[in-house]
Amino acid sequence: MADNYDCIIVGGGPAGLAAALYASRDRFKTVILEKFMPGGQINLTERIENYPGIERIDGPGLVAQMQKQAESFGTEIKNGAEVTSLEKLSDGQIAVICADDKYVTRSVILAPGSDYRNLGIPGEEKFRGSGVSYCGTCDAPFFKGKHVVSVGGGNTAVEETLHLAKFAEKVTMIHRRDEFRAAEVLVEELLAKAGEPNSNLTIKYSTVATAVNGKNKVESATLKNVKTGQEEDYPCDGVFIFVGMVPNTGFLKGFVELTDHGFIKCECAYLRTSVPGVFVAGDCRIGAAMQLATAAGDGVIAAMMLKQYFRDPNWWNEPVSDVLPPGGR
């Protein structure tokens with residue numbers, strides 16, 4: 001069995017690294033257990049321009065800075081440490097179990113993140129982060145004057161497609177069905193935009209993407225009509241895929257409460273889960289904004305709230321107050 005800790009953070013993405021910075025700076029013995037290497041999805045991002053205070057940086061560069069800062073205050077980072085399960089112990093502490101080791105801690109911050117649901121088509125992985133994107137809010141400004149294809153039919157797909165239309169010269173939205181699953185108010189806005197004279201937004205129903213094509217950059221997408229089977233090579237400069245997220249929470253089933261889609265249920269003001277001493281941060285939780293800055297913010301909140309839990313374990317069951325607990329100012 002490994003050493004005991006004050007705080008174990010599961011996941012070394014921006015949420016986990018931010019949580020580690022704050023917990024370690026408060027002199028809590030803190031370790032990040034990361035199944036691969038720090039950074040997560042952000043390592044695949046070539047350009048970040050929407051992180052406050054940093055005009056432009058790439059994903060690996062930002063992760064390196066965050067990691068260095070957290071380690072400077074004493075954070076331990078264990079790479080290749082995949083957590084397989086957690087267990088609440090009789091003394092109130094928590095056992096965090098990996099394949100080759102077991103850790104005991106006073107508190108846990110769950111930050112395993114989520115993965116974008118892929119289409120699984122040829123060319124998707126090749127151009128991921130350089131023409132294929134899963135976040136319009138993040139990447140739309142890079143496609144000014146370009147032609148992009150957006151894929152999806154839910155709320156996020158409609159919202160992000162409308163956002164893309166503010167930047168791209170032309171947006172073609174494809175949806176495999178004849179009608180959208182998104183909220184009616186969003187669909188009305190989408191159709192109104194597409195129906196404007198000289199609109200830059202076009203909708204193709206009953207259509208799926210079967211490939212992303214190009215040599216050194218995205219040049220086209222292969223689109224297929226699911227009713228007729230007809231395919232076309234559709235010229236474009238980028239493909240935005242909005243078909244959902246898959247939280248990395250399979251190892252938590254039976255330990256904390258999850259939604260039907262696997263997101264961690266929590267009380268969103270203090271990020272408390274259903275298990276005392278276990279907080280959550282980042283894209284794996286309900287209500288997450290799925291942005292780099294908000295993930296880091298979650299990590300900060302979780303690390304600050306665990307101090308209140310250490311002061312008074314009974315606080316866990318108290319209702320949310322309009323006044324933050326001591327230390328949460």
Side-chain angles (χ1 to χ4, degrees), residues 5 7-20 22-23 30-36 38-42 81-89 92-98 103 105-117 134-135 154-156 243-309 313 315-320 325 328:
Y5 290 89
C7 178
I8 289 179
I9 299 167
V10 181
L17 289 168
Y22 269 69
T30 302
V31 64
I32 292 176
L33 302 180
E34 167 56 50
K35 66 179 179 180
F36 297 123
Q41 289 183 40
I42 204 67
E82 182 173 4
V83 176
T84 57
S85 62
L86 290 88
E87 177 185 354
K88 190 74 171 180
L89 302 178
Q93 296 198 96
I94 302 155
V96 181
I97 301 157
C98 298
Y103 304 83
T105 180
R106 298 166 64 195
S107 68
V108 171
I109 297 176
L110 298 171
S114 297
D115 290 328
Y116 293 109
R117 183 173 281 113
Y134 302 83
C135 180
N155 287 346
T156 298
V243 293
M245 302 285 291
V246 181
N248 301 317
T249 58
F251 68 99
L252 294 170
K253 290 180 180 178
F255 180 70
V256 294
E257 291 184 10
L258 305 174
T259 69
D260 292 341
H261 296 290
F263 290 93
I264 300 170
K265 293 183 179 181
C266 68
E267 178 283 296
C268 292
Y270 301 153
L271 302 182
R272 300 178 292 201
T273 71
S274 58
V275 179
V278 180
F279 297 84
V280 61
D283 296 353
C284 60
R285 73 169 178 90
I286 59 169
M290 306 296 180
Q291 296 295 305
L292 168 61
T294 57
D298 271 10
V300 172
I301 293 170
M304 294 182 72
M305 292 301 102
L306 70 81
K307 292 191 293 184
Q308 177 63 13
Y309 173 67
W315 165 78
W316 200 267
N317 299 314
E318 294 179 2
V320 176

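By convention here, the first residue in the shown sequence is residue 1.
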> Do the side chain of E267 and the main chain of A269 share a donor and acceptor less than 3.5 angstrom apart?
Replying inline: yes

>> Please find the pair of heavy atoms, one from A288 and one from G282, that lie closest to each other, and give the distance.
In response: CB-O, 3.4 Å

> Do the ring planes of F279 and W316 sit parallel (below 30°), tilted (30 to 60°) or perpendicular (above 60°)?
Replying inline: perpendicular

>> Working to the nearest 0.5 angstrom, can you tell me the gap between L306 CG and T105 OG1?
In response: 9.0 Å

>> Filter on salt bridge (charged side-chain N to carboxylate O under 4.0 Å, His left out), then keep only pairs touching residues 288-299, sequence neighbours left out; what's left?
In response: R285-D298

>> Nearest 0.5 Å, please: how far is CD1 in I109 from CD1 in I9?
In response: 4.5 Å

>> For the OG1 atom of T156 and the CE atom of M245, what is their distance to the nearest 0.5 Å?
In response: 9.5 Å

> Looking at D283 and Q291, what are the two nearest heavy atoms and their distance?
Replying inline: OD1-N, 4.2 Å

> What is the minimum heavy-atom distance between G16 and I32, and which atoms define it?
Replying inline: O-CD1, 3.8 Å

>> Using the rule given for side chain to side chain contact (heavy atoms under 4.5 Å, CB included), can you reason through W315 versus M305, listing the C-alpha separation, both sets of side-chain angles and the distance that settles it, and then say yes or no?
In response: CA-CA 10 Å; W315 165 78; M305 292 301 102; 4.0 Å; yes

>> Using 0.5 Å steps for rounding, measure from the CZ atom of F255 to the OG atom of S274.
In response: 8.0 Å

> With sequence neighbours left out, what residues match C98 under disulfide bond (SG atoms under 2.5 Å apart)?
Replying inline: none

> If you look at every heavy atom in C284 and G113, which pair is closest and at what distance?
Replying inline: CB-O, 3.6 Å

>> So does P276 get a backbone contact from the side chain of K88, meaning a donor-acceptor N/O pair under 3.5 Å?
In response: yes

> Could you state the interatomic distance from CZ (R272) to CD (E318), rounded to the nearest 0.5 Å?
Replying inline: 7.5 Å

>> So, taking the atom named CG in L252 and the one named CG in L110, what distance separates them when rounded to the nearest 0.5 Å?
In response: 5.5 Å

> Less than 4.5 Å apart, any side-chain heavy atom of K265 and any of T259?
Replying inline: yes

> Can you name the one residue among L86, V275, V280 that meets side chain to side chain contact (heavy atoms under 4.5 Å, CB included) with V256?
Replying inline: V275

>> Within the 4.5 Å heavy-atom criterion, are Y5 and V96 side-chain neighbours or not?
In response: no

>> Show, in sequence, the C-alpha distance, side-chain angles and deciding distance for L17 and E34, and conclude whether the side chain to side chain contact (heavy atoms under 4.5 Å, CB included) test is met.
In response: CA-CA 11 Å; L17 289 168; E34 167 56 50; over 6 Å; no

> For Y309 and R106, which heavy atoms make the closest approach, and how far apart are they?
Replying inline: CE2-O, 3.8 Å

> Taking all non-hydrogen atoms of both residues, which atom of A303 and which atom of A19 are closest, and how far apart?
Replying inline: CB-O, 3.5 Å

>> Please determine whether the number of non-hydrogen atoms from other residues, nucleotides or ligands lying under 6.0 Å from atom OH of Y22 exceeds 12.
In response: no

>> If you define the side chain from C-beta out and look only at heavy atoms, does anything of T249 sit under 4.5 Å from F263?
In response: no

>> Between I286 and E257, is there a side-chain heavy-atom distance shorter than 4.5 Å?
In response: no

